[in-house]
Amino acid sequence: MTAKLELLTPQNSQLIFIDHQPQMAFGVQSIDRQALKNNAVALAKSAKVFAIPTTITTVETESFSGHTYPELLAVFPEAPLLERTSMNSWDDKKVRDALAANGRKKVVVSGLWTEVCNNSFAFCAMLEGGYEIYMVADASGGTSKEAHDYAMQRMIQAGVVPVTWQQVLLEWQRDWARRESYDAVMSIVKEHSGAYGMGVDYAYTMVHKAPERVSHGPTLAPIPAV
């Protein structure tokens with residue numbers, strides 16, 4: 001049985017964020033950049049809920065790429081930032097050591113750019129480290145739609161598993177009877193999942209008559225047209 005048939009769980013997976021920095025994001029054309037940030041931050045919050053070991057690595061922060069999204073860093077305020085010079089994160093011993101220390105062979109990857117940093121890391125981590133790579137397609141971006149899509153196809157051909165951030169979140173949750181993480185998962189969904197999140201808010205307030213998530217001023221009754 002291939003190990004890739006095993007679902008992602010909070011016990012068997014770890015996560016790496018690669019180069020979620022402004023200058024790298026400026027070059028992304030494969031996905032709306034605000035959506036990209038939303039998805040990456042949602043993935044980070046998901047990992048935090050399930051205590052997934054998470055590595056954050058950056059490249060040429062001061063000289064070129066700029067600082068990691070503050071919204072992402074706010075999720076892991078104590079996490080070290082593993083700075084590199086190489087486009088390939090695997091080349092840096094700090095990164096290899098961090099992954100090894102986490103002791104989990106399923107590595108969920110979110111990074112910029114898909115066709116460079118994600119590709120090179122995935123191939124080397126698989127070939128030299130024996131890792132299984134789960135590439136979060138909608139929390140990664142390339143310099144064009146073609147660049148992203150063909151990079152994803154190339155990785156899939158090599159055995160990388162394509163996933164989306166919400167898919168990963170729900171796979172970690174797996175069972176709605178797991179009440180210890182239920183509320184936190186729903187909070188992420190409502191904040192980051194677009195129409196799905198709106199639907200959850202609607203169901204809670206209109207069907208189950210839960211209070212609204214935020215307080216607001218008084219609702220003034222309508223005045224009929226004369």
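In this structure, Leu127 is not a member of the same hydrophobic cluster as Tyr134, with clusters built from ILVMFWY side-chain heavy atoms closer than 4.5 Å. Leu7 and Val136 fall into different hydrophobic clusters, defined by Ile, Leu, Val, Met, Phe, Trp and Tyr side-chain heavy atoms under 4.5 Å apart, directly or through other members. Hydrophobic cluster membership is shared by Tyr204 and Val185, with clusters built from Ile, Leu, Val, Met, Phe, Trp and Tyr side chains linked at under 4.5 angstrom. Both Phe17 and Met87 are assigned to one and the same hydrophobic cluster, defined by single-linkage of ILVMFWY side chains at heavy-atom distances under 4.5 Å. Placement of Tyr196 and Ile188 within a single hydrophobic cluster is found when ILVMFWY residues are connected by side-chain heavy-atom separations under 4.5 Å, directly or transitively.
In terms of heavy-atom proximity, Val189 sits nearest to Val200 at CG1-CG2, 3.9 Å. Taking every heavy atom of both residues into account, Ala184 and Val49 meet most closely at CB-CG2, 3.6 Å. Pairing each heavy atom of Ala139 with each of Leu43, the nearest pair is CB-CD2, 4.4 Å. Taking both residues in full, the closest heavy atoms of Thr57 and Ser89 are given as CG2-OG, 3.6 Å, listed atom of the first, atom of the second, then distance. Summarising the geometry of Cys117 relative to Ser120, their closest heavy-atom pair is O-OG, 3.4 Å, with the distance given to 0.1 Å. Shown here for Gly66 and Pro22, the closest heavy-atom pair between the two residues is C-CD, 3.8 Å.
Rounding to the nearest 0.5 Å gives a distance of 8.0 Å between OG of Ser193 and CG of Asn38. Rounded to the nearest 0.5 angstrom, Leu15 CG and Phe76 CZ are separated by 6.5 Å. Atom NZ of Lys37 is separated from atom CD of Glu71 by 3.5 Å, given to the nearest 0.5 angstrom.
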Using the side-chain contact (heavy atoms from CB on, under 4.5 Å) rule, take Thr58 and Ser65 through it: C-alpha gap first, then chi angles, then the decisive distance, then the call.
CA-CA 8 Å; Thr58 53; Ser65 297; over 6 Å; no

side-chain contact (heavy atoms from CB on, under 4.5 Å), that's the test. Do Val168 and Phe50 meet it? Break it down for me.
CA-CA 11 Å; Val168 173; Phe50 293 100; over 6 Å; no

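The only member of Thr114, Asn118, Thr143 that meets side chain to side chain donor-acceptor pair (under 3.5 Å) when paired with His148 is Thr114.
Residues meeting the side chain to side chain donor-acceptor pair (under 3.5 Å) test with Ser63, sequence neighbours left out: Glu60. Not counting sequence neighbours, Lys209 has no partner by the side chain to side chain donor-acceptor pair (under 3.5 Å) test. Listed by chain and number, the residues in a side chain to side chain donor-acceptor pair (under 3.5 Å) with Asp19 are Arg84 (sequence neighbours excluded). Annotation: side chain to side chain donor-acceptor pair (under 3.5 Å) contacts of Lys145 (sequence neighbours excluded): Asp149.
For the salt bridge (Lys or Arg N to Asp or Glu O under 4.0 Å) condition, no pair includes a residue of residues 151-175, sequence neighbours left out. Residue pairs satisfying the side chain to side chain donor-acceptor pair (under 3.5 Å) criterion with at least one member in residues 39-54, sequence neighbours excluded, are listed as follows: Asn39-Trp165, Lys45-Glu191, Lys45-His192. Listed by first and then second residue, the salt bridge (Lys or Arg N to Asp or Glu O under 4.0 Å) pairs that reach into residues 109-120 come to none, sequence neighbours excluded. Counting only residues at least two apart or in different chains, salt bridge (Lys or Arg N to Asp or Glu O under 4.0 Å) contacts with residues 131-144 comprise Lys106-Glu132. The stretch residues 94-104 participates, sequence neighbours left out, in these salt bridge (Lys or Arg N to Asp or Glu O under 4.0 Å) pairs: Asp92-Lys94, Lys93-Asp97.
Inspection of the Gln14 and Thr55 side chains reveals no N or O donor paired with an N or O acceptor under 3.5 Å.
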Name the atoms and distances for all side-chain donor-acceptor pairs under 3.5 Å in residues 23-32, with sequence neighbours left out.
{"residue": "Ser30", "atom": "OG", "partner": "Gly142", "partner atom": "N", "Å": "2.9"}
{"residue": "Asp32", "atom": "OD2", "partner": "Gln34", "partner atom": "N", "Å": "3.1"}
{"residue": "Asp32", "atom": "OD2", "partner": "Ala35", "partner atom": "N", "Å": "2.9"}

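Grouping Ile, Leu, Val, Met, Phe, Trp and Tyr residues whose side-chain heavy atoms lie under 4.5 Å apart, directly or via other members, places Tyr202 in a hydrophobic cluster with Met206. Chaining together hydrophobic side chains whose heavy atoms lie under 4.5 Å apart places Met126 alongside Ile16, Ile18, Leu82, Trp90, Val95, Leu99, Val107, Val109, Phe121, Phe123, Tyr131, Ile133, Met135, Met152, Met155, Val160.
Residues Tyr69 and Leu36 meet the side-chain proximity criterion, which asks for heavy atoms closer than 4.5 Å.
At least one donor-acceptor pair closer than 3.5 Å links the side chain of Asn102 to the backbone N or O of Ala98.
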